[in-house]
Student: 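My structure is below; once you've seen it, I'll send some questions.
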Amino acid sequence: MTALGVATLAITAVGTQGAPPAPPWFTWTTVVNNGDFMPTDSCVPTAPSTPPCRTFNSYNQPSVNANQVVVIRARSRGGQGGQAVHGVYTRDMAAAGPVVRILDRSTLVPQPNNLDSTFIEPPSFPRIDIGMDTVATRGNHQPVWRYFLDDVTETRAGTTGVYTNPFGDLIAGASKLGAVPDFSFFEVPEAPGTPFDVFPGAPAVTDGATIAFKGNYPVNGVGKTGVYYRDLENAPIPLSADNLEPAGGSNPVVLIANSLDTFIPGTRTIFGSTAPPSAANRQMVFAGFDNEDKPTLGGIYLAPLNGTTQPPLRTLVAIGGQVPGENSKARFNRLGEGVSFDGRFVAFWGAWGTEKKTLVLQCRTEGNADRVAFCNQQHPNGFITTVPVNQGIFVHDLGTRQTQVVAKTPADYDDFVYWNFSGRTPGTGEGDDDGELARWRSASFVAVSGLVDGTLTDATFHAAFKARTGILMSGTYAEPVDGIYLREGPGKASLLTLVETDMDGSLIDPEAVDDLGAALPVTEMGIERDGFRGNSLVINASMGTEETGWAGIYLTEVPE
C-alpha cells in the first residue's frame with residue numbers, strides 16, 4: 001500500500017445566492033488509488049509472484065456507511081502476466097485499516113456450489129448497510145449447482161446472484177436457483193417454481209442481514225420484474241444428505257411490488273417497471289412506473305420490511321405531482337430510478353414540461369476495448385437522444401412529508417443526466433447492469449444524508465449530486481464543466497463545489513502528478529446513492545487520462 005494521501009481543498013460557492021460566506025475547508029483522504037496493490041492470494045508486494053502483483057487501475061462509484069467503512073468495485077489492468085483482476089473490496093477508514101478483498105475472479109462462489117465455480121464479474125457497484133458493515137453485491141459466474149431431473153437428466157443452474165457477508169463469511173442472499181427443488185426459498189414468491197433470471201442494478205442491505213433487490217423473471221415467455229427483500233439467518237441450508245454452510249438459512253424471498261399483479265397505488269394499473277431499491281431502518285424506497293420510457297403513472301414509494309407478506313406501499317412522490325417552487329401547472333412527468341435513502345430523507349432526480357434538447361453521444365476512446373469497439377460498430381456516427389430542458393434534484397422528507405428543491409436547470413446548472421454505453425459485450429461473460437447487450441443508458445447521481453449533525457430527528461439534510469454546466473452546440477456540450485456539488489437544506493443555502501473538471505487533482509490526491517511533478521487536472525468524478533452516510537462522503541475521481549493519468553477513491557467529512 002502507498003501512504004495515505006491527504007490534501008486540504010477550499011470548497012467554492014456557486015449558483016445565484018449572492019455573495020457566499022467564507023468557504024469551509026475539506027480534507028480529502030485517499031481510500032485507495034492507482035499506486036495500491038490489489039489484495040490477492042498470490043500477491044506478496046515485497047517478493048516476486050506469479051502472476052505479478054497488480055495495482056488498482058479503475059473504479060466504480062463507492063459506497064460508505066456511517067462508520068466510514070468504504071466498499072468499492074475496482075479493476076486492474078490486463079495484458080502481459082495474466083488476466084485483469086476484477087473485484088469488490090472494503091476499507092475501514094475510521095481505523096485506517098488495510099484494503100480487504102470481499103471477492104474477485106479467484107473467489108469461490110459461496111454455497112450452494114457443488115461445481116467449485118468462481119466469480120467472473122461483479123456487474124454493478126456494491127453497497128453497504130448504513131449503520132453496520134454488511135456489504136451486498138451482485139456476482140456473475142458459471143453454473144454453481146449440478147442436479148438430476150427424474151434421477152436421470154443432469155442439469156446445471158445458477159449463473160448469477162446477490163452476495164453478502166452479514167455473519168462474516170460471504171454467503172448467497174439470492175440466487176438463480178429457484179427451480180432447484182432443494183432451494184425453493186430462492187424462487188420468485190409470486191410464481192412458485194420459477195427462478196429469478198437476473199438481478200438488475202445494485203442490491204441494498206439494511207438491518208445487518210436483510211437484502212433488498214430487483215429481480216427479473218419470465219412468465220409464459222413474457223418478462224416480468226419486481227422488487228423484493230429477504231431476511232438472512234446465521235444458519236446452514238438444510239439438505240437431506242448434508243447441510244450447506246456457511247449460508248443464510250432458508251427464509252423465503254418476500255415480494256414488495258411487481259409487474260405481474262401489483263397495482264400502482266391509487267390506480268387500477270399494474271406496474272410496468274420497477275427500479276433497484278434503496279433501504280435503511282428496515283424500510284425500502286423504490287421507483288416504479290406504468291411505462292419505463294414514457295411514464296404516465298407511478299412514482300417513488302416506501303415499504304416497510306416487517307413481515308412475510310406483501311406490505312402496503314406509501315406514495316412519496318408521484319408522476320403528475322406538483323413540482324415544488326414552480327407554478328401550479330408544473331407537474332413531474334419523469335422521475336429518476338437512482339433514489340438515495342437514509343431512513344428519513346429521499347433524494348431523487350425529476351423532470352417536468354415538454355421542452356427537450358437534443359444530444360449526440362459519441363463512443364468513448366478509452367476503457368474496455370471490446371465495449372468501445374462494439375459501441376463504434378453500433379453507432380459509428382453517434383447516438384441521438386433527448387433530455388428534458390426542465391429538470392432538478394429534490395429531497396423528500398418522510399417526517400414533514402414535504403419535498404424540497406436542491407438544484408434546478410437552467411437556474412443552477414444545465415444538465416443532471418449522464419450517459420454511458422454499458423452492458424454485456426457480445427462473446428464475453430463480462431458486463432454491467434442487467435445482463436443485456438451493451439447500449440446507451442442514462443442516469444442521474446445524488447446522495448443524501450440527514451446525519452451530518454448526528455440525528456434524523458430534525459429536518460436538516462445535506463445533498464450531494466453530480467451536475468454539468470456548458471453550452472450545447474449541435475448536440476454536444478462545448479467545453480462542459482462537470483462536478484459534484486453540495487447543498488444544505490431545507491431552504492436554499494449556498495451551493496458548494498466539492499470537485500470539478502480541470503480542478504488541480506493534487507488538491508484531492510497529492511500523488512496525482514505527472515512524471516515531471518506537475519499536477520494532473522481532474523477529468524472525471526462520480527458519486528452514488530450510498531456515497532454519503534453520516535458526515536462521510538466518498539467519490540471516485542480520475543485525473544489526466546485512463547492510460548497516462550491517475551485515479552482513486554476519496555473520502556471527506558462534511559462539517560455541520
Side-chain angles (χ1 to χ4, degrees), residues 123-124 126-127 129 134 136-139 158 160-164 166 171-180 183-219 223-233 237 247-265 270-289 292 298 300-314 337-339 341 433-435 529:
S124 62
R127 302 171 76 174
D129 192 316
T134 305
T137 182
R138 281 174 57 205
T160 188
V162 175
Y163 299 94
T164 182
I171 61 174
S175 180
K176 191 179 177 179
L177 289 171
V180 180
F183 309 128
S184 60
F185 52 88
F186 285 134
E187 70 187 7
V188 179
E190 64 270 30
T194 302
F196 287 104
D197 188 53
V198 70
F199 304 95
V205 60
T206 182
D207 200 33
T210 296
I211 56 169
F213 57 92
K214 175 179 177 177
N216 291 356
Y217 59 96
V219 174
K224 298 296 181 181
T225 186
V227 285
Y228 307 84
Y229 77 98
R230 182 170 177 239
D231 290 325
L232 305 174
E233 296 181 312
I237 296 173
S250 55
N251 286 335
V253 174
V254 179
L255 167 67
I256 297 294
N258 65 18
S259 64
L260 180 65
D261 53 20
T262 305
F263 291 106
I264 295 173
I270 290 173
F271 281 104
S273 69
T274 56
S278 293
N281 297 345
R282 289 203 66 82
Q283 299 179 99
M284 173 200 288
V285 295
F286 70 96
F289 310 103
E292 183 176 9
I300 297 172
Y301 303 96
L302 175 76
L305 310 182
N306 57 7
T308 58
T309 59
Q310 185 177 5
L313 302 179
R314 171 179 156 188
E337 293 189 349
V339 179
F341 179 50
D433 301 316
D434 53 12
R529 65 190 79 173

Student: Give a yes or no on whether the backbone of G139 and the side-chain of T160 come within a donor-acceptor separation of less than 3.5 Å.
Tutor: yes
Student: Side-chain contact, heavy-atom cut-off 4.5 Å: T194 with E187?
Tutor: no
Student: Would I264 and Y301 count as a side-chain contact (heavy atoms from CB on, under 4.5 Å) here? Give the steps.
Tutor: CA-CA 10 Å; I264 295 173; Y301 303 96; 3.3 Å; yes
Student: If you measure from CG on N258 to CD1 on I270, what distance do you get to the nearest 0.5 Å?
Tutor: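 Rounded to the nearest 0.5 Å, the CG-CD1 separation comes to 8.0 Å.
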Student: Tell me if a side-chain donor or acceptor on D129 pairs with a main-chain N or O of G208 at a distance below 3.5 Å.
Tutor: yes
Student: Indicate yes or no for a side-chain donor-acceptor contact from S278 to the backbone of V339 under 3.5 Å, with no hydrogens or angles considered.
Tutor: yes
Student: What distance do N306 atom CG and D207 atom CG have between them, rounded to the nearest 0.5 Å?
Tutor: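 Interatomic distance, N306 CG to D207 CG, rounded to 0.5 Å: 11.0 Å.
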Student: Minimum heavy-atom separation for G248 and I171, please, with both atom names.
Tutor: CA-CD1, 3.6 Å
Student: Working to the nearest 0.5 angstrom, can you tell me the gap between R529 CZ and F341 CZ?
Tutor: 13.0 Å
Student: Please give me the minimum heavy-atom distance between P189 and F196, naming the atom from each residue.
Tutor: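 Minimum heavy-atom separation between P189 and F196: CD-CZ, 4.2 Å.
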Student: State, to 0.1 Å, how close P203 and R138 come at their nearest heavy-atom pair, and which atoms those are.
Tutor: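 Residues P203 and R138, closest heavy atoms: CD-CG, 3.8 Å.
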Student: What is the ring orientation for F185 with F183, classed by angle as parallel under 30°, tilted 30 to 60°, or perpendicular over 60°?
Tutor: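 Aromatic pair F185/F183 classed perpendicular.
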Student: Hey, mind stepping through T225 and K214 against side-chain contact (heavy atoms from CB on, under 4.5 Å) and telling me if it holds?
Tutor: CA-CA 7 Å; T225 186; K214 175 179 177 177; 3.0 Å; yes
Student: Pair I256, L305 - check side-chain contact (heavy atoms from CB on, under 4.5 Å), show working.
Tutor: CA-CA 9 Å; I256 297 294; L305 310 182; 3.8 Å; yes
Student: Excluding sequence neighbours, so at least two apart, what forms side chain to side chain donor-acceptor pair (under 3.5 Å) with R314?
Tutor: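 Checked R314 against side chain to side chain donor-acceptor pair (under 3.5 Å); zero matches.
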Student: To check you understand the geometry: which heavy-atom pair defines the closest contact between A204 and P277, and what is its length?
Tutor: CB-O, 3.7 Å
Student: Considering non-hydrogen atoms only, spot the tightest contact between L232 and T164 and give its length.
Tutor: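 Closest heavy-atom pair between L232 and T164: CD1-CG2, 3.4 Å.
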Student: Any ion pair linking D261 and K224 (charged N to carboxylate O, less than 4.0 Å)?
Tutor: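 Salt bridge between K224 and D261, a charged N being under 4.0 Å from a carboxylate O: no.
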Student: What's the spacing between I211 CD1 and T206 OG1 if we round to 0.5 Å?
Tutor: 12.0 Å
Student: Pair E190, Y228 - check side-chain hydrogen bond (donor to acceptor under 3.5 Å, both in side chains), show working.
Tutor: CA-CA 11 Å; E190 64 270 30; Y228 307 84; 2.6 Å; yes
Student: For residues P200 and N216, determine if any side-chain heavy atom of one lies less than 4.5 Å from a side-chain heavy atom of the other.
Tutor: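 Counting from C-beta outward, P200 and N216 do come under 4.5 Å.
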Student: Please assess T262 against Q310 for the test side-chain hydrogen bond (donor to acceptor under 3.5 Å, both in side chains), listing each intermediate value before the final yes or no.
Tutor: CA-CA 10 Å; T262 305; Q310 185 177 5; 3.2 Å; yes
Student: Look up atom CD1 in I300 and atom CZ in F289, then write down how far apart they are to the nearest 0.5 Å.
Tutor: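 If we round to the nearest 0.5 Å, I300:CD1 and F289:CZ are 6.5 Å apart.
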Student: Mind running side-chain contact (heavy atoms from CB on, under 4.5 Å) on Y229 and R282 for me, showing each step along the way?
Tutor: CA-CA 10 Å; Y229 77 98; R282 289 203 66 82; 4.1 Å; yes
Student: What are the two closest non-hydrogen atoms of A202 and P276, and how far apart are they?
Tutor: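 Here A202 and P276 meet closest at O-CB, 4.0 Å.
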Student: Quick check for you: to the nearest 0.5 Å, what is the distance between F271 atom CZ and L313 atom CG?
Tutor: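 If I round to the nearest 0.5 Å, the distance is 5.5 Å.
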